[in-house]
Amino acid sequence: MSAGVTRRSLIAAALTGCVPVIALGGAPPSSRKSQSAKMRIEFSFSDHTFTASLYENAAARELMSMLPLDLMIEDYSMNEKMAYLPRKLAVQGTEAFADESVGDLCYYAPWGNLVFFHAGYRYSRGLVRLGRLDGGAAPLLTRGKFPLRAQQVA
């Protein structure tokens, strides 16, 4: 165990539901519980403006450091829109997930693009969940290719 972390403090933290992830020797899981209210992005395209709350992970923090961004958003398949980033994000330490949901904001590492899911999907290797759309996926149903502005919510 690391300095300052005792077995007693770990047991007490576990009983209160506050087990420090560092004390367990791992990275935080890619669960929906790791969402951070302070990391929010506003997206604008066509006549739509919507926000997403990002999870606390390295890829999401790196995306935030790139803002503001001017990208192109376009349809891909029948369940998502995508936008290519100017450079790839680091994805070390990311995990597979199984609770896929409409409204997920993800990053597809092999192609280097953001993925906005507006219909059901299944996890595939290389997909990193960055966060969730705050108000639902309705804006993403507008078909076509549009300039997309991404900026930090103040």
Side-chain angles (χ1 to χ4, degrees), residues 2 5 17-154:
S2 64
V5 177
C18 300
V19 177
V21 172
I22 267 199
L24 298 177
S30 63
S31 73
R32 298 184 188 285
K33 293 180 182 172
S34 60
Q35 191 169 355
S36 173
K38 63 186 168 191
M39 288 200 317
R40 293 183 62 225
I41 298 179
E42 178 182 270
F43 295 100
S44 301
F45 77 93
S46 185
D47 59 349
H48 303 290
T49 299
F50 58 98
T51 59
S53 294
L54 301 184
Y55 298 130
E56 186 60 44
N57 63 45
R61 285 190 299 275
E62 189 174 356
L63 175 60
M64 287 295 291
S65 75
M66 296 169 71
L67 298 178
L69 288 170
D70 290 307
L71 310 168
M72 291 297 291
I73 191 169
E74 60 187 295
D75 301 311
Y76 183 79
S77 188
M78 297 302 291
N79 65 336
E80 66 188 76
K81 281 197 173 292
M82 65 179 212
Y84 285 97
L85 293 173
R87 65 177 166 79
K88 290 191 171 189
L89 301 177
V91 294
Q92 300 90 320
T94 59
E95 302 173 351
F97 54 92
D99 55 348
E100 306 94 333
S101 182
V102 171
D104 282 345
L105 171 61
C106 296
Y107 172 70
Y108 187 58
W111 294 357
N113 63 286
L114 294 177
V115 184
F116 303 81
F117 287 103
H118 57 76
Y121 74 101
R122 294 183 63 123
Y123 172 82
S124 64
R125 188 173 178 185
L127 201 58
V128 176
R129 188 163 33 211
L130 299 173
R132 295 268 311 145
L133 301 182
D134 294 328
L140 303 174
L141 299 177
T142 301
R143 308 277 304 159
K145 185 174 183 176
F146 302 95
L148 173 72
R149 176 74 172 171
Q151 60 191 15
Q152 186 171 354
V153 174

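Residue numbers count from 1 along this sequence.
Atom CG in L63 sits 4.0 Å away from atom CD1 in I41 (nearest 0.5 Å). R129 CZ to E95 CD: the interatomic distance, rounded to the nearest 0.5 Å, is 10.5 Å. Within the model, atoms CE of M39 and CD of Q152 stand 9.5 Å from one another, a figure rounded to the nearest 0.5 Å. Rounded to the nearest 0.5 angstrom, C106 SG and R132 CZ are separated by 9.5 Å. The line from NE2 of H48 to CD1 of I73 is 10.0 Å long, rounded to the nearest 0.5 Å. We find the NE2-CG distance between H118 and L141 to be 6.0 Å, quoted to the nearest 0.5 Å.
A pairwise comparison of heavy atoms in G120 and N79 identifies O-ND2, 3.0 Å as the closest pair. Closest approach of V102 to A119, counting heavy atoms only: CG2-C, 3.5 Å. Contact between L71 and P86 at its shortest, heavy atoms only, is CD2-CD, 4.0 Å. The nearest pair of heavy atoms linking S53 to D134 is OG-OD1, 2.7 Å. Minimum heavy-atom separation, A60 to L130: N-CD2, 3.7 Å.
Using a 30° and 60° split on the angle between ring planes, F45 and F146 fall in the tilted class, from 30° to 60°. The aromatic rings of Y108 and W111 sit perpendicular, their planes meeting at an angle over 60°, well past the 30° parallel limit.
When atom types are taken as modelled, the side chain of Q151 and the backbone of E42 share no donor-acceptor pair closer than 3.5 angstrom. Put simply, the side chain of Y107 gets close to the backbone of L89: a donor and an acceptor are under 3.5 Å apart. Between the side chain of N57 and the backbone N or O of A59, at least one donor-acceptor pair lies under 3.5 Å.
F43 pairs by the ring pair (Phe, Tyr, Trp, His ring centres under 6.0 Å) definition with F50, F116, not counting sequence neighbours. Remark: E62 pairs with R87 by the salt bridge (Lys or Arg N to Asp or Glu O under 4.0 Å) rule, at least two apart or across chains.
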* To do: Just do the side chain to side chain contact (heavy atoms under 4.5 Å, CB included) check on D104 and V115 with the steps written out, would you?
  => CA-CA 8 Å; D104 282 345; V115 184; over 6 Å; no
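Between T94 and L127, the closest side-chain pair of non-hydrogen atoms is not below 4.5 Å.
Listed by first then second residue, pairs satisfying side-chain hydrogen bond (donor to acceptor under 3.5 Å, both in side chains) with a partner in residues 68-78 read D70-R149, D75-K81, not counting sequence neighbours.
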